[in-house]
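Below: the structure, in structure tokens.
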Amino acid sequence: MSRIDDFIATIHPYDSLPQDERARVARSFGRRHWPAGSVIYRQGEALPGIYLIESGAVRILDASGDCVSELGPRNSFGERGLLRDGLAVTTAAVTTDATVLMLPRDELMRLIDSQPAVARFFDRGGARPSDLAVLKVGDLIGAKPPLSCPPDTPAVEAARAMRDAGAGSIGVVEGGRLVGLATIRDMSNRVLAEGRDPHTPIAQVMTPGPITLSPSELGYDVLNIMLERRISHLPVVEQGRFVGMVSQTDLTRVQALSASAVIRDIAQAAGVAGMAAATARIPGLLVQMVGANYRHEAITRAITDIADAVTRRLLALAEADLGPAPGPWLWAACGSQGRQEQTGLSDQDNCLILGDDCDPDHPWFADLARIVSDGLNACGYVHCPGDMMATNPRWRQPRAVWRGYFRDWIDHPNPEAQMLASVMFDLRAIGGDAALLAGLQHNTLALAAEKPIFLYNMIENSLKHRPPLGLIGTIATPRSGQYRNRIDMKHNGVVPVIDLARVYALQGRLTPVNTRARLVEAQAAGIIGGRGAADLIAAYDLIQTARLENQAAQIRAGERPGNHLAPADLPNLDRSHLRDAFVVVRGAQSALGHGKGLMG
């Protein structure tokens with residue numbers, strides 16, 4: 001049983017158990033080998049326990065026989081029916097010879113009663129760590145080396161390798177770097193259907209320079225890219241090394257599918273009306289994800305992914321209508337879309353960065369900006385009140401002009417420059433030539449780090465939005481006006497942390513744009529550290545979560561989601577925690593203002 005002990009030691013929640021407890025659980029697991037085609041249980045049958053796949057593959061089927069999910073090693077199944085009434089709510093069929101472990105129900109219930117980590121994991125009211133929305137790509141690919149071959153490999157040998165490995169794709173690697181991707185479909189369409197020699201080098205069959213992801217990306221990224229680009233395999237690359245492959249069969253159709261279904265409908269929409277119908281489902285998605293206890297970064301990422309998909313679809317439709325562009329261009333988002341932090345209430349902030357040889361007054365670029373901006377507005381992303389959009393000629397310029405903008409803001413940090421820099425330092429590429437932004441961002445970070453006066457002014461700017469605390473540290477609310485007895489969870493809640501994170505990124509030349517990612521990288525780089533850093537991240541998590549929960553409650557009440565929350569409506573404990581979070585943020589602002597950097 002030591003092998004089972006070693007196996008479950010790498011799987012949550014068993015990895016959280018004390019060693020002696022985990023050894024006991026390992027002894028309680030039964031192991032059985034199931035041949036392909038066998039059925040482990042059928043819907044309605046009594047379940048003896050929870051199942052855990054050690055090797056092989058299992059398909060979960062609903063009452064109609066439709067596939068709900070494809071599971072592989074380290075995946076559990078059967079717990080939903082087991083913990084409800086003991087009866088299976090699905091059917092589990094083995095698709096590839098499998099070795100499956102089974103933990104008896106009584107032992108599972110003992111663990112749930114005695115081990116808080118196990119209880120949290122199997123709490124059906126919350127999002128499990130295996131949910132696609134929060135699962136990292138690195139967890140999807142596991143530790144097994146990916147199938148690969150060199151470019152001169154004959155196509156027939158690559159096909160045999162895929163057949164023997166039971167894989168649908170193979171990475172083409174040269175000098176340790178991924179140079180292409182070949183799939184079973186490529187073999188059919190590009191070799192067999194074309195009557196080519198089976199010994200044709202795979203380099204002539206593969207898709208060169210395929211889209212890739214890093215292990216730190218979310219499962220959402222995989223599913224959304226596959227649906228939007230209509231591809232079924234995505235290579236995973238880390239620091240230039242090919243480390244894995246994710247296919248559609250690696251993904252399970254869990255709660256995350258609803259957001260991905262919206263993106264699928266957007267990608268297939270023939271026009272703005274179809275996209276608007278899809279984005280109208282965002283409020284319901286927010287309510288669903290909040291109710292399932294998804295982490296705030298998963299919710300805002302899902303909502304932002306939808307905005308990205310709308311933008312890219314509008315760009316594609318505009319290009320089809322306008323014809324070829326007169327030069328290279330990049331559509332970039334800033335603000336909450338740029339930071340991937342959109343909620344149920346978002347306007348649009350965007351710009352166009354053009355190649356240096358482009359004429360910014362060319363009507364093609366103005367028409368592109370108008371079509372996309374108006375389309376976004378029709379889909380619920382209203383025109384920016386401050387006119388920070390690509391339709392404004394000021395924000396539709398060649399890269400050299402943009403470089404001059406940033407240099408001027410850094411050299412002359414007046415109030416307007418501080419405001420513009422705060423927005424534009426959050427740029428993220430959405431469509432077009434991403435290289436136009438990459439070089440600009442690198443140069444700007446280097447320039448900003450060399451200008452102490454600019455950093456000083458950015459610090460000063462970051463202290464303008466203060467947490468809603470009174471003189472004695474209690475939560476302070478307006479006593480009159482439209483928002484009487486309510487606090488602004490955006491401008492007095494998350495914005496102070498967003499501004500702090502931006503300053504830390506400038507100090508450390510950190511490239512992430514997302515606020516939480518900036519905080520985590522700042523902590524790792526020593527820009528902030530110790531207990532103070534952990535407290536600030538936890539405070540941001542609590543504030544952003546409370547903001548989303550409030551928006552979900554507003555939607556459920558039939559109201560338009562907003563950013564104002566009445567502290568009196570919160571339970572005493574939640575109100576106390578929120579107040580503590582605001583205290584932490586105010587302390588971080590004070591430390592930064594005094595040049596202490598929040599070192600703990």
Side-chain angles (χ1 to χ4, degrees), residues 3-4 6-8 10-12 14 29-43 45 47-82 88-103 128-132 135-148 159-171 183-185 187 215 219 222-223 226 231-236 243-257 260:
R3 183 181 173 188
I4 293 180
D6 293 340
F7 180 64
I8 66 173
T10 65
I11 301 172
H12 196 72
Y14 310 108
F29 268 106
R31 176 190 276 131
R32 180 174 172 181
H33 300 284
W34 297 84
S38 57
V39 175
I40 298 176
Y41 60 73
R42 298 185 186 278
Q43 184 184 24
E45 293 181 352
L47 293 166
I50 183 174
Y51 296 89
L52 176 63
I53 303 174
E54 189 173 11
S55 65
V58 175
R59 178 174 294 161
I60 306 301
L61 308 172
D62 63 15
S64 302
D66 293 330
C67 178
V68 175
S69 59
E70 297 273 1
L71 305 180
R74 301 164 58 89
N75 287 150
S76 299
F77 60 97
E79 67 271 24
R80 184 152 64 104
L82 185 70
V89 296
T90 56
T91 295
V94 179
T95 55
T96 302
D97 290 355
T99 299
V100 181
L101 307 179
M102 192 276 290
L103 184 67
R128 289 178 43 184
S130 60
D131 280 346
L132 190 59
L135 195 65
K136 296 292 181 66
V137 169
D139 294 325
L140 285 172
I141 63 175
K144 184 179 178 180
L147 188 65
S148 66
R160 287 188 187 125
M162 285 188 274
R163 179 200 62 191
D164 294 342
S169 62
I170 188 168
T183 67
I184 291 292
R185 179 176 293 180
M187 298 296 179
V222 179
L223 191 53
M226 285 182 175
I231 56 178
S232 57
H233 296 82
L234 273 173
V236 182
V243 297
M245 184 80 72
V246 181
S247 68
Q248 287 182 342
T249 55
D250 296 320
L251 307 179
T252 57
R253 287 187 285 179
V254 290
Q255 293 99 322
L257 182 61
S260 298

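By convention here, the first residue in the shown sequence is residue 1.
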(message) Between I53 and F77, does the side-chain contact (heavy atoms from CB on, under 4.5 Å) criterion hold? Intermediate values first, please.
(response) CA-CA 8 Å; I53 303 174; F77 60 97; 3.6 Å; yes

(request) Search all heavy atoms of A98 against all heavy atoms of A57 and return the closest pair with its distance. (result) CB-N, 4.1 Å

(message) Tell me the closest heavy-atom pair linking G56 and P73, and the distance in Å.
(response) O-CD, 3.4 Å

(message) On a heavy-atom basis, which atom in L52 and which in S76 lie closest, and how many Å separate them?
(response) CD1-OG, 3.7 Å

(message) If you define the side chain from C-beta out and look only at heavy atoms, does anything of R32 sit under 4.5 Å from V100?
(response) no

(message) Would R31 and I4 count as a side-chain contact (heavy atoms from CB on, under 4.5 Å) here? Give the steps.
(response) CA-CA 9 Å; R31 176 190 276 131; I4 293 180; 3.2 Å; yes

(request) Drop me the distance from S55's OG to H33's NE2, to the nearest 0.5 angstrom. (result) 7.5 Å

(request) Report the distance from atom CG of L82 to atom OH of Y51, rounding to the nearest 0.5 Å. (result) 9.0 Å

(request) Give the intermediate values and the outcome of side-chain contact (heavy atoms from CB on, under 4.5 Å) for residues L147 and M162. (result) CA-CA 8 Å; L147 188 65; M162 285 188 274; 3.9 Å; yes

(message) If I take atom CG from residue L47 and atom CE from residue M102, how far apart are they, to the nearest 0.5 angstrom?
(response) 10.0 Å

(message) With heavy-atom distances below 4.5 Å as the criterion, would you say the side chains of T91 and Q43 are in contact?
(response) yes

(message) Would you compute the distance between atom OG of S148 and atom CD1 of I170 and round it to the nearest 0.5 angstrom?
(response) 6.5 Å

(message) Using a 3.5 Å distance criterion without hydrogens, assess whether the side chain of S247 forms a donor-acceptor pair with backbone atoms of H233.
(response) no

(message) Using ring centroids (six-membered ring only for Trp), state whether Y14 and F7 fall under 6.0 Å.
(response) no

(message) Could you check whether any side-chain heavy atom of L234 comes within less than 4.5 Å of a side-chain heavy atom of M226, counting everything from C-beta outward?
(response) yes

(message) Under a 3.5 Å distance rule, please check whether D97 uses its side chain to pair with a backbone N or O of A36 as donor and acceptor.
(response) yes

(request) Find the distance between CZ (F29) and CG (L103) and round it off to the nearest 0.5 Å. (result) 4.5 Å

(request) Taking all heavy atoms of P215 and all of V243, pick out the closest pair and write down the distance. (result) CG-CG2, 4.1 Å

(message) Please determine whether side-chain contact (heavy atoms from CB on, under 4.5 Å) holds for the pair V58 and I40, giving the CA-CA distance in whole Å, both sets of side-chain angles, and the decisive distance to 0.1 Å.
(response) CA-CA 9 Å; V58 175; I40 298 176; 4.1 Å; yes

(message) Looking at every heavy atom in both A92 and I60, which two are closest together, and how far apart are they?
(response) CB-CD1, 3.9 Å

(request) Please report the closest heavy-atom contact between V246 and V236, naming both atoms and the distance. (result) CG2-CG2, 3.8 Å

(message) Would you compute the distance between atom CG of L61 and atom CZ of R42 and round it to the nearest 0.5 angstrom?
(response) 9.5 Å

